[in-house]
Amino acid sequence: MRIVIVDDDSLVGLSLKTILEATSGYEVVALGKDGTEAIELYDKHGPDILLMDIQMKEMNGLDAASVILKNHPDARILLLTTFSDDEYIVKALRIGAKGYILKQNFDSILPAISAVCNGQTVFGDEIMNKIPSLISSEATTTSYKDFDLSEKEFNIIKLVADGLNNKEIAESLFLGEGTVRNYISTILEKLDLRDRTQLAVFYYKNF
């Protein structure tokens with residue numbers, strides 16, 4: 001797994017490099033110190049994962065991620081920060097970052113990288129708990145019909161985003177549990193998503 005690390009604190013970058021390369025299967029191909037360098041390094045190396053700090057001088061990580069994702073829509077970018085800042089969380093969701101985790105939760109970084117490489121979207125528990133209130137505070141005109149979803153499918157997505165399991169969704173909508181499973185499989189295929197976490201993020205980003 002080829003990784004580029006971008007952090008304006010060289011000690012953090014080197015520490016992450018040391019830890020990752022001590023783990024079998026990880027290769028850090030480059031280190032950068034700001035968003036402009038992140039764009040250049042991504043174009044040059046095309047890494048499997050870009051592990052990038054948010055708060056950096058010159059160009060920050062969110063702005064760099066936005067540029068990279070515009071040029072490389074399939075880029076897998078995992079953002080790191082020491083702050084659970086509401087504005088950062090919303091922007092990270094909206095630009096399509098694959099993860100946003102707090103640096104102080106260091107034990108979660110390796111599992112997060114692995115999950116992102118496997119196609120999952122990763123937001124730490126502390127951040128996921130904040131997302132519903134953040135998104136609901138912003139006005140939106142998006143309709144579920146814009147995504148070719150039925151009202152029933154939209155209701156199921158909303159309940160998944162609220163954290164309900166299949167049994168709880170079934171009881172809430174007076175459906176069989178197997179029916180709910182079938183609905184969720186259909187919804188994931190329709191929206192080209194992999195799992196319930198991505199489905200929840202889809203809801204938070206669009207509704």
Side-chain angles (χ1 to χ4, degrees), residues 42 48-50 52 54 61-79 81 84-101 112-207:
Y42 193 93
D48 297 306
I49 294 282
L50 172 58
M52 179 162 55
I54 289 181
L62 285 169
D63 290 341
S66 183
V67 172
I68 292 168
L69 285 162
K70 182 177 180 180
N71 296 330
H72 307 276
D74 295 331
R76 291 178 288 197
I77 301 174
L78 182 58
L79 294 167
T81 184
S84 180
D85 186 281
D86 294 353
E87 182 180 352
Y88 289 168
I89 295 169
V90 172
K91 187 168 183 180
L93 284 165
R94 296 203 184 284
I95 65 176
K98 296 299 183 184
Y100 178 119
I101 56 178
I113 291 173
S114 179
V116 170
C117 264
N118 288 328
Q120 299 177 40
T121 304
V122 179
F123 289 85
D125 290 342
E126 179 180 344
I127 292 167
M128 284 296 291
N129 290 336
K130 297 180 70 171
I131 290 174
S133 61
L134 294 178
I135 301 301
S136 64
S137 67
E138 296 192 350
T140 179
T141 58
T142 304
S143 167
Y144 60 82
K145 294 179 181 178
D146 295 338
F147 298 95
D148 193 29
L149 295 166
S150 69
E151 184 176 1
K152 181 77 72 178
E153 288 171 332
F154 174 72
N155 288 336
I156 289 173
I157 292 171
K158 183 179 184 303
L159 293 174
V160 169
D162 287 341
L164 275 65
N165 60 33
N166 287 352
K167 182 178 180 181
E168 291 167 334
I169 293 172
E171 292 173 351
S172 177
L173 298 179
F174 304 102
L175 297 171
E177 193 171 345
T179 301
V180 171
R181 281 197 299 271
N182 291 337
Y183 263 113
I184 291 176
S185 295
T186 299
I187 293 166
L188 291 174
E189 183 176 356
K190 182 181 289 189
L191 298 176
D192 194 25
L193 301 174
R194 289 177 178 267
D195 54 40
R196 297 171 77 96
T197 299
Q198 287 192 344
L199 190 57
V201 171
F202 165 83
Y203 175 80
Y204 297 142
K205 286 174 65 176
N206 293 288
F207 300 103

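- Side-chain atoms of Asp48 and Val116, non-hydrogen and from C-beta on, never get closer than 4.5 Å to each other.
- Closest approach of Leu78 and Ala112 over heavy atoms only: CD2-CB, 4.0 Å.
- We find the CD-CG distance between Glu177 and Asn182 to be 11.0 Å, quoted to the nearest 0.5 Å.
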Practice problem: Check the pair Lys98, Val122 against side chain to side chain contact (heavy atoms under 4.5 Å, CB included), reporting the backbone distance first and the verdict last. | Solution: CA-CA 6 Å; Lys98 296 299 183 184; Val122 179; over 6 Å; no
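- The shortest side-chain heavy-atom distance between Leu199 and Ile187 falls under the 4.5 Å cut-off.
- The closest side-chain heavy-atom distance from Ile54 to Tyr100 is below 4.5 Å.
- Listed here is the closest heavy atom pair of Ala200 and Ala161: CB-CA, 3.9 Å.
- Side-chain contact check for Asp63 versus Val67: every heavy-atom pair is 4.5 Å or farther apart.
- Contact annotation: the side chain of Leu175 never approaches that of Ile169 to less than 4.5 Å [non-hydrogen atoms, C-beta and beyond].
- Atoms CG and OH, from Asn206 and Tyr144 in turn, are 15.0 Å apart once rounded to the nearest 0.5 Å.
- When every heavy atom of Ile95 is checked against every heavy atom of Ser66, the shortest pair comes out as CD1-N, 4.0 Å.
- Counting only heavy atoms from C-beta outward, the side chains of Glu153 and Lys190 approach each other to under 4.5 Å.
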Quiz item: Are Ile157 and Leu191 close enough, and set up right, to give a side chain to side chain contact (heavy atoms under 4.5 Å, CB included), and what steps lead you there?
Solution: CA-CA 11 Å; Ile157 292 171; Leu191 298 176; 4.1 Å; yes
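- Glu189 places no side-chain N or O within donor-acceptor distance of the main-chain N or O of Thr186, the cut-off being under 3.5 Å.
- What you find for Leu159 and Ser172 is that their closest heavy atoms are CD1-OG, 3.9 Å.
- Open room surrounds CG on Asp192; 12 or fewer heavy atoms of other groups in view lie less than 6.0 Å from it.
- Of all heavy-atom pairs between Cys117 and Ile49, the closest is SG-CG1, 3.4 Å.
- Side-chain contact check for Ile184 versus Arg196: some heavy-atom pair is nearer than 4.5 Å.
- Checking side-chain atoms of Glu168 against main-chain N and O of Leu164 turns up no donor-acceptor pair under 3.5 Å.
- Residues Phe147 and Phe154 place their aromatic rings such that the two centres sit no closer than 6.0 Å.
- The closest side-chain heavy-atom distance from Asp195 to Gln120 is below 4.5 Å.
- Between Ala75 and Ile68 the shortest heavy-atom distance is CB-CG2, 3.9 Å.
- Taken to the nearest 0.5 Å, the CG atom of Leu188 stands 10.5 Å off from the CZ atom of Phe202.
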Self-check item: Steps toward side chain to side chain contact (heavy atoms under 4.5 Å, CB included) verdict (Val180, Leu173)
Solution: CA-CA 9 Å; Val180 171; Leu173 298 179; 5.9 Å; no
